[in-house]
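Quick one: the structure is below, questions incoming.
Just so it is clear, the structure is predicted and the values come from calculations on it, not from any experiment. Below, chains carry the letters A, B, ... as their sequence lines are ordered, and counting in each starts from 1.
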Amino acid sequence: MKQTIETLILQAVDTLKANGDLDINTLPAVTIERSRDAQHGDFATNLALILAKTAKTNPRQLAEKILAALPAHDAVTKVELAGPGFINFFINPAAQYAIINTIHEQGRDFGLSTIGAGKKVQVEFVSANPTGPLHVGHGRGAAYGSVVADLLQAAGFDVEREYYVNDAGRQMDILATSVWLRYLEECGEVFVFPSNGYRGDYVRDIAAKIHKNSATAYHQPIAAVLDNIPADEPQGGDKELHIDALIDRAKTLLGLENYRAVFQVGLHDILEDIKADLSEFGVNYQHWFSEQQLVDDGSVEKALNRLRDGGHLYEKDGATWFASSELGDEKDRVVVRENGQYTYFASDIAYHHHKLERGFDQLIDVWGADHHGYIPRVRAAMRALGADDSKLTVLLVQFATLWRDGVKQQMGTRSGNFITLRQLRNEVGKDAARFFYAMRRSEQHMDFDLNLAVSKTNENPVFYVQYAYARVCSVLRQLDEKGFQRNLQLGMDNLTLLSAEHEIALLGTLARYAEALEKAALQHEPHLLINYLRDLAHEFHTYYNAHQFLVEDAPLRDARLNLVCAVKQVLANGLGLLNITTPETM
RNA sequence: GGGGUUAUAGCUCAGCUGGAUAGAGCAUCGGCCUUCUAAGCCGAGGGUCGCAGGUUCGAAUCCUGCUAAUCCCGCCA
């Protein structure tokens, strides 16, 4: 319909140009918007207001000329000049009835778009360090990233979802050492646990499991472990030096093979927990990509060599630096430390290099907003690798601030004092959690009030949308009980009976679904889809209260049922995309 | 000090690639269940869109400055 109007307008403009009534060389993009107010018709364009400046005329006069030159069309019943120079289009309701047939025919596919044209897009999200269970902060990235991926797929992109597993590096060594120390406690040793170790109960669980399966195979007397270790912070020392010394001691006493064994049990158990957690949350991946693999298979070396060949690396203070400041970063970055170890950034360069080589047209990284300063250096790396950095889109998700009993909650993984995503799901359910997370713009700071989420579950807006769906299902169930038989064709033949204000409004909203979906996908803004579904649910509830569907008049009844079933289908499609269930009874 | 994000109703947030009277939910107040599910509907009150300038036919939206909140600025990841 939008395109029809655009064609009409372009024809009018051409006529005016031919007549010499309009003196312009280039036509700005014609914007046609759905009118918010029904008094302003169904669609409106501000073309005359925009053109007035370049054509140097009064906008209203120009609008009148356009109006006069506008060809007639069956679907357009009335065109009006309004306000400072808007042109309002009133659409023939009959033309809008077709949407019900379309929805019925396309079913689950209704609303899907081909605008993505099969372009390969990779969405990488969550990618939390496997040092502990996911907490509610990760939940937002999980919900947001997965919906963005699903939306892009619905918009016709070829989407791959990936989780980058940071299974290399110091954090994992701290985890492995924490597990081992808890294991020593299982063996009966008594000592003060390092302040910088992972203190969560899940570490004890893993340690207990190792103790159960391997008894005392990894046991070392605590005196040998702590011998000559620098003091921890609470004892007046440095917590970083303390934990690093313990890591080295663990490797020495256990031997590399046994150390790896403990390490792998910790990594495996936590990763399996994360996978199960996300899966239960409706978040699924095509790939779990290991950072360690990049190191092992030489990808990091390969990427760094490429940078070196391009003259982007130099040595200073015993370390190897990447001259990222020459490519837009604020300063140069270390890629190989003085001690010979790669930095996290080095593997990240290799990781993005690897992504590029896999042939994606577009890379989307979903990061926590605290990583925003990291963007310029990754872009610099991509350019240094000879790639087009516009292929990379980084979507930042602001952290949710968690409140309980009016008190801000801490969310440190290290302290073990945090609320897990699993706890949240158990408390409010998958549907409400997903809906709640995706409801807000990702750049918006979010206050997550746990008391509200738990105690006022019934007021969560997700139920409002689900309730609309359940109501349609209920109507369909009542059909039999009332002794009616639905006749689909009779309804389709009598759609013009749907002339009530609420019915016309619903038709317009149904027709808007595909646009809402496409916009949400292209702008990476899931909340636009949620807003749409809330609008649709609201209009349905209003309609439901204003009119009886199961009336004696069969043609009217079947027409209304067809409309209501179209609503049901669109609700199902939208909620399905969000991976939120559609209960038939509530 | 530099940078990112945010600031809209009592609360939580939409609206932001400039458009017509700034919206929703919750909360408050008043109506609607012998009739398809009241987890719903209808109505009322509630706003100097953080502040000050600027751009123009028109600014919550764009620009500049300021204020406040928050995050980042490591040879950690």
Side-chain angles (χ1 to χ4, degrees), chain A residues 29 31 33 35-37 39-40 44-46 49-50 52-53 58-60 82-86 88 127-129 131 166 168-172 174 240 291 316-321 330-331 333-348 368-376 396 398-399 401 436 439-449 452 456-468 470-479 481-482 484 523 527-528 530-531 534-535 537-538 540-551 557 560-561 564 585-586:
Chain A
T31 58
E33 296 186 322
S35 309
R36 261 183 252 158
D37 190 334
Q39 286 185 346
H40 299 138
T45 182
N46 61 353
L49 292 163
I50 307 245
K53 203 173 290 176
N58 176 308
R60 266 192 85 98
F86 289 100
N88 293 334
S127 300
N129 288 346
T131 53
N166 296 126
R170 179 164 174 265
Q171 299 304 323
M172 286 306 297
I174 295 177
E240 306 290 351
E291 178 188 359
K316 191 180 104 185
D317 301 334
T320 304
W321 296 70
E330 64 183 47
K331 58 182 176 184
R333 310 289 174 178
V334 170
V335 286
V336 185
R337 280 181 264 164
E338 198 176 356
N339 65 10
Q341 289 189 319
Y342 296 127
T343 59
Y344 171 84
F345 181 45
S347 15
D348 227 23
D370 55 337
H371 286 73
H372 83 268
Y374 204 76
I375 299 172
L396 296 178
Q398 292 287 340
F399 274 133
T401 310
F436 203 89
M439 223 167 72
R440 276 74 184 277
R441 237 169 66 242
S442 61
E443 313 90 69
Q444 179 69 259
H445 291 274
M446 179 172 160
D447 281 324
F448 205 119
D449 185 334
L452 192 73
K456 301 204 171 184
T457 302
N458 286 351
E459 288 166 11
N460 196 302
V462 66
F463 292 101
Y464 184 78
V465 179
Q466 288 178 321
Y467 185 46
R471 268 184 155 172
V472 179
C473 295
S474 176
V475 169
L476 295 175
R477 280 192 301 272
Q478 291 284 325
L479 201 58
E481 293 173 27
K482 296 208 169 189
F484 293 127
Q523 295 186 192
H527 75 278
L528 295 178
I530 291 201
N531 286 349
R534 293 171 78 168
D535 284 349
H538 175 248
F540 170 77
H541 285 309
T542 301
Y543 179 40
Y544 180 94
N545 274 273
H547 295 278
Q548 189 83 11
F549 308 152
L550 299 177
V551 292
R557 182 178 69 235
R560 285 184 171 168
L561 285 174
V564 157
T585 58
M586 288 178 73

What is the base-pairing partner of B:A59, counting Watson-Crick and G-U wobble geometry with both distances under 3.5 Å?
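Pairing partner: none.
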Going by 5.5 Å between centroids and 30° between planes, is there a stack of A:F86 over B:A20?
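Given the distance and angle limits, yes, they stack.
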Using Watson-Crick or G-U wobble geometry with both distances below 3.5 Å, tell me the partner of B:C66, or none.
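In the structure as shown, B:C66 has B:G50 as its Watson-Crick or wobble partner.
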Does A:H538 place a side-chain N or O at less than 4.0 Å from the phosphate oxygens OP1/OP2 of B:C42?
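For B:C42, OP1/OP2 do have a side-chain N/O of A:H538 under 4.0 Å.
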Could you work out the separation of B:U5 and B:C63 based on their P atoms and round it to a whole Å?
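11 Å, rounded to whole Å.
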Taking the P atom of each, how far is B:G3 from B:U56, in whole Å?
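About 28 Å, rounded to a whole number of Å.
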Rounding to an integer number of Å, can you tell me how far A:N545 CG sits from B:G40 P?
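After rounding, the reported distance stands at 10 Å.
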Is A:H371 stacked against the base of B:G4, taking the criterion as centroid distance under 5.5 angstrom and interplanar angle under 30°?
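It does not: the two rings, one from A:H371 and one from B:G4, miss the stacking criterion.
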Treating A:H541 as the side-chain partner and A:Y464 as the backbone partner, does any N or O pair qualify as donor plus acceptor under 3.5 Å?
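Present.
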Under 4.0 angstrom between A:Q398 side-chain N/O and B:U6 OP1 or OP2:
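No, because none of the side-chain N or O atoms of A:Q398 sits under 4.0 Å from OP1 or OP2 of B:U6.
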Could you please name the option among B:A39, B:C75, B:C13 that lies closest to any side-chain atom of A:F463?
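Between B:A39, B:C75, B:C13, the one nearest the side chain of A:F463 would be B:A39.
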Is the ring pair A:F540/A:Y544 parallel, tilted or perpendicular, if the boundaries are 30 and 60 degrees?
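It falls in the tilted class, 30° to 60°.
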Considering only the C1' atoms, how many Å lie between B:A77 and B:A39, rounded to the nearest integer?
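Those two atoms are separated by 44 Å.
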Please determine whether a side-chain nitrogen or oxygen atom of A:R471 lies at a distance below 4.0 Å from atom OP1 or OP2 of B:A39.
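No, A:R471 has no side-chain N/O under 4.0 Å of OP1/OP2 on B:A39.
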Rounded interatomic separation in angstrom, taking CG from A:L476 and C1' from B:C36:
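For the pair A:L476 CG and B:C36 C1', the rounded distance is 10 Å.
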Please work out whether B:C33 sits syn or anti, treating a glycosidic angle within 90° of 0 as syn.
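Syn, angle within 90° of zero.
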Could you check if a side-chain atom of A:T343 sits within less than 4.5 angstrom of a side-chain atom of A:R333, using non-hydrogen atoms only?
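Not in contact.
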Sticking with atom P, work out how far B:A44 lies from B:U61, rounded to a whole angstrom.
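B:A44 and B:U61 have their P atoms separated by 28 Å.
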Taking every non-hydrogen atom, the tightest pair across A:F484 and A:V551
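What the structure gives for the nearest pair is CZ-O, 3.8 Å.
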Please state whether the base of B:A77 and the side chain of A:D370 form at least one donor-acceptor pair under 3.5 Å?
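Flag unset: no donor-acceptor pair detected.
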Would you say the base of B:U5 and the side-chain of A:H445 have a donor-acceptor pair closer than 3.5 Å?
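Between B:U5 and A:H445, which were checked side chain against base, a qualifying N/O pair under 3.5 Å is present.
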B:A14 OP1/OP2 closer than 4.0 Å to side-chain N/O of A:R534:
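It does not, given that no N or O in the side chain of A:R534 lies less than 4.0 Å from OP1 or OP2 of B:A14.
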Nearest-neighbour nucleotide for the A:F549 side chain, B:G19, B:U37, B:C36 considered
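That would be B:C36.
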Counting just side-chain N and O atoms, does A:T343 come under 4.0 Å of either OP1 or OP2 of B:G74?
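So the side-chain polar atoms of A:T343 never come under 4.0 Å of the phosphate oxygens OP1 or OP2 of B:G74.
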Taking only N and O in the side chain of A:K331, is any of them less than 4.0 Å away from OP1 or OP2 of B:G74?
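Looking at the OP1 and OP2 atoms of B:G74, one of them is under 4.0 Å from a side-chain N or O of A:K331.
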Hunt down the Watson-Crick or G-U wobble partner of B:A24, both distances under 3.5 Å, from any strand shown, or write none.
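The base-pairing partner of B:A24, which may sit in any strand shown, is B:U12.
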Could you state the atom-to-atom distance from CG of A:N531 to P of B:U12 in whole Å?
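Distance, rounded to whole Å: 18 Å.
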For a quick test of reading the model: is some side-chain N or O of A:Y467 closer than 4.0 Å to OP1 or OP2 of B:A39?
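Result: yes.
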Side chain of A:R170 (C-beta onward), nearest among B:U5, B:C36, B:C76
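Within the option list, the nearest is B:C76.
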With P as the reference atom in both, quote the distance from B:G1 to B:C66 in angstrom, rounded to an integer.
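It comes out at 11 Å once rounded to the nearest Å.
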Quick one, A:I530 and A:V465 - any side-chain contact, counting heavy atoms below 4.5 Å?
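SC-SC contact between A:I530 and A:V465 ruled out.
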For A:E291 against A:S347, the heavy-atom pair lying closest together
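Heavy atoms of A:E291 and A:S347 come nearest at OE2-OG, 2.8 Å.
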Is A:Q171 close to A:I174 at the side-chain level, that is, under 4.5 Å between some pair of heavy atoms?
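Sidechains of A:Q171 and A:I174: in contact.
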Integer angstrom distance from the P of B:G53 to that of B:G19:
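So the two P atoms sit 23 Å from each other.
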How far, in whole Å, is B:U28 from B:G10 if one measures between their P atoms?
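The same atom, P, in both gives a distance of 16 Å.
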Is there a side-chain polar atom (N or O) of A:R477 under 4.0 Å from OP1 or OP2 of B:U37?
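Checking B:U37 against A:R477, no side-chain N or O comes under 4.0 Å of OP1 or OP2.
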Heavy-atom distance under 4.5 Å between the side chains of A:L528 and A:Q523, does that happen here?
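A side-chain contact exists here, since the closest heavy-atom pair is under 4.5 Å.
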Starting at atom CG of A:N166, determine the distance to atom C1' of B:C76, rounded to an integer number of angstrom.
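The distance from CG of A:N166 to C1' of B:C76 comes to 12 Å, rounded to the nearest Å.
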Does the side chain of A:R333 get closer than 4.0 angstrom to OP1 or OP2 of B:C73 through an N or O atom?
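Answer no for this pair, as no side-chain N or O of A:R333 is under 4.0 Å from OP1 or OP2.
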Interatomic distance, A:Y374 OH vs B:G3 P [rounded to whole Å]
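So the two atoms are 22 Å apart, to the nearest Å.
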Just to confirm, is there a sub-4.0 Å distance from OP1 or OP2 of B:U37 to any side-chain nitrogen or oxygen of A:Q478?
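Answer is yes, contact under 4.0 Å.
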I want to check one thing: is the phosphate of B:C41, taken as OP1 and OP2, less than 4.0 Å away from some side-chain N or O of A:Y464?
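Yes.
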Please figure out whether A:T542 or A:E330 has its closest RNA chain B nucleotide nearer the 5' end.
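So the residue in question is A:T542.
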Of all the nucleotides listed (B:G4, B:C36, B:C13), which has the minimum atom distance to the side chain of A:Q444?
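When the side chain of A:Q444 is considered, B:C13 is the closest of B:G4, B:C36, B:C13.
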Indicate whether OP1 or OP2 belonging to B:G15 is found under 4.0 Å from a side-chain N or O atom of A:H527.
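Answer is yes, contact under 4.0 Å.
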What's the closest nucleotide to the side chain of A:H541 if the choices are B:A77, B:C41, B:A20?
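My answer, after comparing the listed nucleotides, is B:C41.
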Does a side-chain heavy-atom distance below 4.5 Å link A:L396 with A:D370?
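The answer is no, as the side chains (C-beta and beyond) never meet within the 4.5 Å cut-off.
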For B:C32, which nucleotide in any strand shown is its Watson-Crick or wobble partner with both distances under 3.5 Å?
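Result: B:G40.
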A:E338 or A:S442, whichever maps to the more 5' nucleotide of RNA chain B
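Of the two residues, A:S442 wins.
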Same-atom distance (C1') from B:C62 to B:G45, integer angstrom:
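It comes out at 34 Å once rounded to the nearest Å.
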Think A:R441 has a side-chain N or O under 4.0 angstrom from the OP1 or OP2 of B:U5?
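Negative; the distance criterion is not met.
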